[in-house]
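Worth knowing before you read on, the calculation uses all heavy atoms, side chains too, and leaves out hydrogens, waters and symmetry mates. Per chain, numbering begins at 1; letters A, B, ... match sequence-line order.
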Protein chains: 2
Amino acid sequence: MPTTRLDPIDRKILAELQADGRMTNVELAKRVGISAPPCLRRVRTLEEAGFIKGYHADVDARELGFEVQVYAMVGLQSQAESDLSAFEDLCRKWSLVRECNMLNGEVDFILKCVAPDLSTFQSFLTGQLLTARNVASVKTSLVIRSAKDDPGVPFDVLEERLNRSA
Amino acid sequence: MPTTRLDPIDRKILAELQADGRMTNVELAKRVGISAPPCLRRVRTLEEAGFIKGYHADVDARELGFEVQVYAMVGLQSQAESDLSAFEDLCRKWSLVRECNMLNGEVDFILKCVAPDLSTFQSFLTGQLLTARNVASVKTSLVIRSAKDDPGVPFDVLEERLNRSA
DNA sequence: CCTGAAATGAAAGGCCA
DNA sequence: TGGCCTTTCATTTCAGG
């Protein structure tokens, strides 16, 4: 249902802007095969409908001095909804925490964190995360190296899927 | 050392473009307090120096029909460098795998995957990931809900750090 | 390395098909 | 809807401090 309102041109626009979010509208229009004004109208519509949530420059964390990336698996004592969302609120305030996802299974949350160095991360860990209300356990794993870090969604999978149902 | 060549205006540019990658150059120039031409030159320099790796529209995966997000923890049989990079090459080819990071500790890799539905993910899991050469174990965790998903790095931490060393 | 001005080219809106 | 035309505004180059 959700993608029913998107035609192939809309999907191409999303794929192109996911790959290069700073492309000019005339370049985008050329690539998707329509002229510029209707292309811009489609982009605005996609933005307003929430298909496009924003645009972001992808900055090089390492080159900026963030040498450390860590995944933290967090278990809580209480999984009552108010306790879950209290923990989520904390995560939103911690700027070293870039992503916070609630999981099924043994662990309650996985956090992706970045820090300039290990000692900055360690003091966050011991001073903030481990001592936060309701936190029962934290297991951390350092990222040794990153092999792939692609933004967003795979549009090729989406097209395959639509072809099968057509 | 890496950030030594960036002055406060460069850092502001990076922070602004991370927050809104489609901002016009005149708007950006106004925000960082210089006129448009030098601002554009700085952006180009930051791009060429690799501080900015690209620009991406942030598309709403759920609204596009990707209902499922999964973390997969992968253990390999052999951790020889050639086997590690062979596995990384596979991950780069699998479009459901959006991120692949090598970790320290018990597990060798953490993969972040998206899929339209559970059965698509399951068939990837059993047909591709579990049967790939050298894969010893895979533990998967479904994302129940996402509380935070911020792009890039926390510039407030960077500024704090520079203030302390000054 | 910046500002300011001038020319090219893109964005945004009106209007017709 | 998409395409065309017009106005407005951004981008880019160049002269000069």
Under a 3.5 Å distance rule, please check whether B/T120 uses its side chain to pair with a backbone N or O of B/P116 as donor and acceptor.
no

Given C/dG13, is OP1 or OP2 found less than 4.0 Å from the side-chain N or O atoms of A/R41?
no

Between the side chain of A/R98 and the main-chain N/O of B/P151, is any donor-acceptor distance below 3.5 Å?
yes

In terms of the angle between their ring planes, are A/W94 and A/F87 parallel, tilted or perpendicular, with boundaries placed at 30° and 60°?
perpendicular

With a 4.0 angstrom cut-off to heavy atoms of chain B, pull out the first and last contacting nucleotide of DNA chain D, in 5'-to-3' order.
D/dA10 to D/dT13

Using whole Å, what does the distance between atom P of nucleotide C/dA10 and atom CG of A/L40 come to?
14 Å

Side-chain N,O (B/R42) to OP1/OP2 (C/dC2) below 4.0 Å
yes

After noting the C-alpha distance and the side-chain angles of A/Y55 and B/Y55, does the key distance pass the ring-ring contact (aromatic ring centres under 6.0 Å, His included) rule?
CA-CA 7 Å; A/Y55 302 88; B/Y55 301 88; over 10 Å; no

Run B/I13 and B/L46 through side chain to side chain contact (heavy atoms under 4.5 Å, CB included) and show every step you take.
CA-CA 9 Å; B/I13 288 174; B/L46 291 168; 3.9 Å; yes

Checking side chain to side chain contact (heavy atoms under 4.5 Å, CB included) for the pair A/L64/B/L14: CA distance, chi angles, key distance, verdict?
CA-CA 10 Å; A/L64 264 167; B/L14 291 171; 4.0 Å; yes

For DNA chain D, which residues in residues 21-39 of chain B have a heavy atom at a distance below 4.0 Å?
B/T24, B/N25, B/V26, B/P37

List for me each residue that meets ring pair (Phe, Tyr, Trp, His ring centres under 6.0 Å) alongside B/F66, sequence neighbours excluded, and say none if there are none.
none

Salt bridge (Lys or Arg N to Asp or Glu O under 4.0 Å) between A/R145 and B/E88, worked out:
CA-CA 10 Å; A/R145 72 189 195 201; B/E88 292 176 329; 2.9 Å; yes

